[in-house]
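Here the structure is laid out as structure tokens; the discussion comes afterwards.
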Number of protein chains: 2
Amino acid sequence: MKTETPNYRSKCPLSIALEFIGDKWSLIVIRDMCLGKSKYCDFQASPEGIPTNILASRLRELEENGLLIKRPYQAKPVRYEYFLTPKGADLLPVLQQLVKWTQKHVPDCGEPPEGFFTAQPEDLLQKWVDATDTA
Amino acid sequence: MKTETPNYRSKCPLSIALEFIGDKWSLIVIRDMCLGKSKYCDFQASPEGIPTNILASRLRELEENGLLIKRPYQAKPVRYEYFLTPKGADLLPVLQQLVKWTQKHVPDCGEPPEGFFTAQPEDLLQKWVDATDTA
DNA sequence: CTTATCACTTGCAAAAGGCAAGTGACAAAA
DNA sequence: TTTTGTCACTTGCCTTTTGCAAGTGATAAG
């Protein structure tokens, strides 16, 4: 995570949020991590078909911005798994509201997995907390 | 509002939402309308400094997608005001969650106006409902 | 008659997105 | 041992979008 002095276009909290996740792909990656995906190929396999160079750049940016961390799960060659930080997991309420909005206003859209609306950001941290605790 | 058959990259409601508002500017325009702005020059005056060609294209897209409507407020030359539809106003909970997220995780960000968190989507329709009722 | 405003449009360069192919380390199969 | 495959990327190339500046046409103001 890099810690450059941020230079936001304004101090408006909405505007700042959009500088973090205001594009068509970042929240797709966050969604996949909420669903328990953690590996590069898992993200690639999602039905939206994210281009591989975009995926690599989004993972890099999200890590630089502290929304996720990567952890090597094998050496030779080193391979990483990606996990949400608390900052990233706290986007869950945003995802929940976006899904509600689409379900209300867009016919024929799909359904989120069971338990999606009742999930809490903390639930999303289980995996890597466990992993680092028992490592 | 155009009614082409939509061809979404997936049926995931989150993904679909991002095809509507997944960029750095659309929600800025929605925010401004939530704050009571309605004219082109009002949107231009916002501190983020949206480029004029982007503003024109976003207003067009948001209207095509049914998130706002435009209404002429003068003829010769015809000039439009823009108002949220119920579909657009229902993005308020999304904005509220995004603002909460930034306030929790980004130091030195600004504050939303008073009453922002307690506002309801219906409140945002007052202006143009009144206007059309009394026209 | 000049200047200004409002709501745009147009032109152009730079950045981002998207597709395909390549790469390097390793594992498994033939 | 050679070939094939996988995983996590990177690179190249072309298209689309963005961002800045300038222009436009109708009208009002000085």
Side-chain angles (χ1 to χ4, degrees), chain A residues 4 7-10 12 15-16 18-30 32-33 36-65 68-83 128, chain B residues 4 7-10 15-30 32-33 36-65 68-83 128:
Chain A
E4 283 179 9
N7 197 11
Y8 303 121
R9 56 189 177 173
S10 85
C12 168
S15 175
I16 293 173
L18 293 174
E19 298 198 44
F20 281 87
I21 50 85
D23 70 272
K24 291 221 187 317
W25 293 110
S26 295
L27 287 186
I28 293 289
V29 175
I30 302 281
D32 282 352
M33 302 213 297
K37 297 182 181 181
S38 64
K39 303 224 188 88
Y40 198 92
C41 63
D42 296 333
F43 303 129
Q44 272 198 95
S46 288
E48 289 81 14
I50 185 168
T52 178
N53 56 339
I54 308 278
L55 175 55
S57 83
R58 287 302 182 278
L59 288 171
R60 199 182 319 117
E61 292 166 14
L62 290 171
E63 199 208 357
E64 286 172 357
N65 290 329
L68 59 82
I69 50 162
K70 64 181 181 184
R71 193 171 55 94
Y73 67 92
Q74 73 165 51
K76 296 195 313 180
V78 63
R79 290 292 145 83
Y80 297 98
E81 279 184 299
Y82 300 87
F83 297 99
W128 67 275
Chain B
E4 283 179 11
N7 196 10
Y8 303 122
R9 57 187 176 174
S10 85
S15 175
I16 293 173
L18 293 174
E19 297 198 46
F20 281 87
I21 50 85
D23 70 272
K24 292 219 184 323
W25 293 111
S26 296
L27 287 185
I28 294 289
V29 175
I30 302 281
D32 282 352
M33 301 211 296
K37 298 183 181 181
S38 64
K39 303 223 188 89
Y40 197 92
C41 63
D42 297 332
F43 303 128
Q44 272 198 95
S46 289
E48 290 81 16
I50 185 168
T52 179
N53 55 340
I54 307 279
L55 175 55
S57 83
R58 286 303 181 277
L59 288 171
R60 200 182 318 119
E61 293 166 13
L62 290 171
E63 200 209 357
E64 286 172 359
N65 290 327
L68 58 82
I69 51 162
K70 62 181 182 183
R71 194 169 53 96
Y73 67 92
Q74 73 165 46
K76 297 194 311 180
V78 62
R79 289 292 145 82
Y80 297 97
E81 278 184 300
Y82 300 88
F83 298 100
W128 68 274

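We name chains A, B, ... by the order of the sequence lines, and we start the count at 1 in each one.
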(request) Show your working on side chain to side chain contact (heavy atoms under 4.5 Å, CB included) between F83(B) and M33(B) and close with a plain yes or no. (result) CA-CA 7 Å; F83(B) 298 100; M33(B) 301 211 296; 5.9 Å; no
(message) Donor-acceptor pair, distance only, cut-off 3.5 Å: does the side chain of E61(A) make one with the backbone of E64(A)?
(response) no
(message) So if I take residues 54-62 of chain B and measure heavy-atom distances to DNA chain C, which residues fall below 4.0 Å?
(response) A56(B), R60(B)
(message) Distance under 4.0 Å to a non-hydrogen atom of chain B counts as contact; along DNA chain C, which nucleotides mark the start and end?
(response) dC6(C) to dG11(C)
(message) Any side-chain to backbone donor/acceptor pair from S10(A) onto C12(A)? Under 3.5 Å, distance only.
(response) yes
(message) Under 4.0 Å, heavy atom to any atom of DNA chain D: which of residues 42-50 of chain B qualify?
(response) none
(request) Answer whether the closest heavy-atom distance between the side chains of L59(A) and Y80(A) falls below 4.5 Å. (result) no
(message) Would you say that Y40(B) contacts T52(B) through its side chain, given a criterion of any heavy-atom pair below 4.5 Å between the two side chains?
(response) yes
(request) Figure out the CG/C1' separation between N53(B) and dC20(D), and round it to whole Å. (result) 8 Å
(request) With the side chain counted from C-beta on, respond yes when F43(A) and R58(A) share a heavy-atom pair under 4.5 Å apart, and no when they do not. (result) no
(request) Starting from the 5' end of DNA chain C, give me the residue, D23(A) or T52(A), whose nearest nucleotide shows up first. (result) D23(A)
(request) Establish, yes or no, whether the cationic atom of K70(A) lies under 6.0 Å from the six-membered ring centre of Y82(A) and within 45° of the ring axis. (result) no
(message) Return the CG to CG distance between D32(B) and L27(B), rounded to the nearest 0.5 Å.
(response) 11.0 Å
(request) Quick one: list whatever passes salt bridge (Lys or Arg N to Asp or Glu O under 4.0 Å) with K24(A), sequence neighbours left out. (result) none
For nucleotides 24-30 of chain D, give me every protein contact, N/O to N/O, under 3.5 Å, one pair per line with atom names.
unit_1	atom_1	unit_2	atom_2	d
dG25(D)	N2	R79(B)	NH2	3.3

(request) Check whether any side-chain heavy atom of I28(B) lies under 4.5 Å from a side-chain heavy atom of R9(A), and answer yes or no. (result) yes
(request) For K39(A), enumerate each residue passing the side-chain contact (heavy atoms from CB on, under 4.5 Å) test, keeping only those at least two apart in sequence or located in another chain. (result) C41(A), D42(A), Y73(A), E81(A)
(message) Keeping S26(A) on the side-chain end and D23(A) on the backbone end, is there a donor-acceptor pair under 3.5 Å?
(response) no
(message) I'd like to know if the side chain of Q74(B) reaches the main chain of P77(B), judged simply by a donor and an acceptor atom lying under 3.5 Å from each other, with no hydrogens or angles considered.
(response) yes
